[in-house]
> 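The structure follows.
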Amino acid sequence: MFSGLTTGQLEEIDSIVLARSYKKGRMIFAEGEPGEAVFILKSGLVKLTRQAEDGREHILHLVHPGDIFAEIVLFDGGNYPATAEVLEDASVAVIRNRDIEGLIIGNSHVALAMLKIMAGRLRQAQEKVINLALNDTLRRLVQVLLHMAEEHGENTGAGVRISMRLTNQELANLIGTTRETINRILNGLKRDGSLEVDKQGIVLLNKDKLQKLL
């Protein structure tokens, strides 16, 4: 977002950035609260969620280091459309709307970068809707796991490790199903040698076999 700025402009941004630290389980902001700032995750893991009418949680997006989130409030001036909860101890940079608005107005590069970020978020949302609408729970889970491996996986001697320690309930909330269904699917994939699960996360042992399930 800030890669095309001059040293002076970067120093200006540095002067308006607030540093915050959050422990696992803390909320950074809640759905419906006034949208007052944009956030950049420096370390840790954050989930963005909305609550359905029946009380179930639905995970909209997992935020990784380097990601910007809550950027939509810059443009519509409304409330936060989701809740941000910390999954792993997080270090966050906070820029208040009133501080960044002048920078955006005065620098087309930043404005364009923000629009690209929002366009990418919209594309992800569309892909998720298609995945939910057209695929059964097995294919939805496999697609999510392959995407996580592509974006955040670590190659090991055994396979590709997804080191995000998500619970089975969080995986269920991510693809719109139940924890029991996730348990059943993961157990099936473990039995056929496609993956294994340990305390550090999920290891995809055979990506080609998983890809054939889609």
Side-chain angles (χ1 to χ4, degrees), residues 22 24-31 39 41 43-72 80-90 92 117-118 120-154 159-190 194-205 207 209-211 213-214:
Y22 298 89
K24 178 180 178 179
R26 287 284 306 279
M27 279 198 310
I28 299 175
F29 54 79
E31 179 182 347
F39 302 82
L41 186 62
S43 64
L45 183 66
V46 172
K47 64 177 179 179
L48 301 181
T49 66
R50 294 197 69 167
Q51 194 169 49
E53 291 183 1
D54 60 6
R56 289 183 301 168
E57 176 187 271
H58 185 62
I59 297 179
L60 302 175
H61 186 64
L62 294 173
V63 183
H64 299 273
D67 287 350
I68 295 171
F69 58 109
E71 70 284 346
I72 192 171
Y80 291 118
T83 296
E85 182 181 342
V86 177
L87 292 180
E88 297 175 4
D89 291 357
V92 180
I117 290 168
M118 294 184 69
R121 199 83 77 220
L122 178 60
R123 183 183 296 275
Q124 290 174 354
Q126 290 172 335
E127 290 173 351
K128 188 169 185 177
V129 169
I130 292 171
N131 188 24
L132 288 170
L134 299 183
N135 293 325
D136 59 21
T137 50
L138 170 60
R139 289 184 176 87
R140 296 207 300 267
L141 179 59
V142 168
Q143 189 171 74
V144 165
L145 293 177
L146 288 172
H147 178 74
M148 288 180 177
E150 184 70 25
E151 294 293 321
H152 309 286
E154 176 188 355
V160 181
R161 176 179 295 280
I162 303 170
S163 50
M164 290 180 287
R165 292 187 287 275
L166 299 177
T167 67
N168 286 4
Q169 185 61 62
E170 286 164 341
L171 282 173
N173 295 344
L174 193 59
I175 67 168
T177 188
T178 64
R179 180 173 56 84
E180 291 75 16
T181 300
I182 292 294
N183 292 342
R184 176 176 54 79
I185 295 173
L186 287 177
N187 286 333
L189 294 173
K190 284 190 288 185
S194 296
L195 56 77
E196 64 181 23
V197 181
D198 57 30
K199 292 182 179 179
Q200 281 69 49
I202 297 174
V203 179
L204 305 188
L205 303 174
K207 288 178 63 178
K209 183 184 287 188
L210 290 170
Q211 190 71 46
L213 295 173
L214 298 179

> Ala84: what forms a side-chain contact (heavy atoms from CB on, under 4.5 Å) with it, not counting sequence neighbours?
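If we apply the side-chain contact (heavy atoms from CB on, under 4.5 Å) test to Ala84, skipping adjacent residues, the hits are Ile28, Phe29, Val46, Leu48, Phe69.
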> According to side-chain contact (heavy atoms from CB on, under 4.5 Å), who are the partners of Glu180, at least two apart in sequence or on a separate chain?
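Glu180 satisfies side-chain contact (heavy atoms from CB on, under 4.5 Å) with Thr178 once adjacent residues are dropped.
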> Who pairs with Ser43 by side-chain hydrogen bond (donor to acceptor under 3.5 Å, both in side chains), at least two apart in sequence or on another chain?
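Residues passing side-chain hydrogen bond (donor to acceptor under 3.5 Å, both in side chains) with Ser43: none at all.
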> Just by modelled atom types, is the Glu31 backbone N or O under 3.5 Å from a matching donor or acceptor in the Thr83 side chain?
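Indeed, once roles are kept as given, a pair shorter than 3.5 Å links the two residues.
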> What residue pairs, at least two apart or across chains, pass side chain to side chain donor-acceptor pair (under 3.5 Å) with a residue in residues 144-154?
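Qualifying pairs, neighbours excluded: His64-His152.
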> Leu45 versus Val63: any side-chain heavy-atom pair under 4.5 Å?
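Answer no - side chains too far apart.
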> Say you draw a straight line from CG of Leu146 to CG of Leu214; how long is it, rounded to the nearest 0.5 Å?
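Those atoms lie 6.0 Å apart.
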> Applying side-chain hydrogen bond (donor to acceptor under 3.5 Å, both in side chains), name anything that partners Asp67, two or more places apart in sequence or on another chain.
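Partners of Asp67 by the side-chain hydrogen bond (donor to acceptor under 3.5 Å, both in side chains) criterion come out as none, since no residue qualifies.
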> Which heavy atom of Ala70 sits nearest a heavy atom of Tyr80, and at what distance?
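So the minimum-distance heavy-atom pair works out to CB-CE2, 3.8 Å.
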> Mind checking what makes salt bridge (Lys or Arg N to Asp or Glu O under 4.0 Å) contact with Arg184, not counting sequence neighbours?
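For Arg184 there are no salt bridge (Lys or Arg N to Asp or Glu O under 4.0 Å) partners, ignoring immediate neighbours.
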> Do Leu166 and Met148 come within less than 4.5 Å of each other through their side chains, counting heavy atoms only?
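The answer is yes; the side chains approach within 4.5 Å.
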> Which donor-acceptor pairs under 3.5 Å do side chains of residues 198-205 form with protein atoms, sequence neighbours excluded?
{"unit_1": "Asp198", "atom_1": "OD1", "unit_2": "Arg161", "atom_2": "NH1", "d": "3.0"}
{"unit_1": "Asp198", "atom_1": "OD1", "unit_2": "Gln200", "atom_2": "N", "d": "2.9"}
{"unit_1": "Asp198", "atom_1": "OD1", "unit_2": "Gly201", "atom_2": "N", "d": "3.1"}
{"unit_1": "Asp198", "atom_1": "OD2", "unit_2": "Arg161", "atom_2": "NH1", "d": "3.3"}
{"unit_1": "Asp198", "atom_1": "OD2", "unit_2": "Arg161", "atom_2": "NH2", "d": "3.1"}

> What residues, two or more places apart in sequence or in another chain, satisfy side-chain hydrogen bond (donor to acceptor under 3.5 Å, both in side chains) together with Ser194?
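Listed in chain order: Asp192.
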> Is any side-chain heavy atom of Leu210 closer than 4.5 Å to one of Leu189?
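Yes, side chains in contact.
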> Could you give the distance from CG (Leu145) to CZ (Arg140), rounded to the nearest 0.5 Å?
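Rounded to the nearest 0.5 Å, the CG-CZ separation comes out at 13.0 Å.
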> Rounded to the nearest 0.5 Å, how far apart are CG of Leu141 and CD of Gln143?
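Between Leu141 CG and Gln143 CD, I get 10.5 Å after rounding to 0.5 Å.
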> The criterion is side-chain contact (heavy atoms from CB on, under 4.5 Å); which residues satisfy it with Asn168, sequence neighbours excluded?
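If we apply the side-chain contact (heavy atoms from CB on, under 4.5 Å) test to Asn168, skipping adjacent residues, the hits are Leu171, Arg179, Ile182, Asn183, Leu186.
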> side-chain contact (heavy atoms from CB on, under 4.5 Å) for Val92 and Tyr22? Distances and angles first, verdict last.
CA-CA 8 Å; Val92 180; Tyr22 298 89; 3.9 Å; yes
> Flag the pair Ile68 / Leu41 as yes when at least one side-chain heavy-atom distance between them is below 4.5 Å, and no otherwise.
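A side-chain contact is absent here, since even the closest heavy-atom pair is not under 4.5 Å.
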> In chain order, what residues pass the side-chain hydrogen bond (donor to acceptor under 3.5 Å, both in side chains) check against Glu85, with sequence neighbours excluded?
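Scan of Glu85 (side-chain hydrogen bond (donor to acceptor under 3.5 Å, both in side chains), adjacent residues dropped) gives none.
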> If we only count heavy atoms from C-beta on, is the Glu170 to Lys47 side-chain gap below 4.5 Å?
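They are in contact (side-chain heavy atoms under 4.5 Å apart), so the answer is yes.
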> Is any side-chain heavy atom of Lys207 closer than 4.5 Å to a side-chain heavy atom of Val160?
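Yes, close enough: below the 4.5 Å cut-off.
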> Between Glu57 and Arg50, is there a side-chain heavy-atom distance shorter than 4.5 Å?
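They are not in side-chain contact.
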> List in chain and number order the residues that pass salt bridge (Lys or Arg N to Asp or Glu O under 4.0 Å) with Arg56, two or more places apart in sequence or in another chain; answer none if no residue qualifies.
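Once residues adjacent in sequence are excluded, the partners of Arg56 under the salt bridge (Lys or Arg N to Asp or Glu O under 4.0 Å) criterion are Asp54.
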> Can you name the residues that form a side-chain contact (heavy atoms from CB on, under 4.5 Å) with Ile72, not counting sequence neighbours?
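Ile72 satisfies side-chain contact (heavy atoms from CB on, under 4.5 Å) with Asp76, Pro81, Met118 once adjacent residues are dropped.
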> Do Thr137 and Ile185 come within less than 4.5 Å of each other through their side chains, counting heavy atoms only?
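The answer is yes, as the side chains (C-beta and beyond) meet within the 4.5 Å cut-off.
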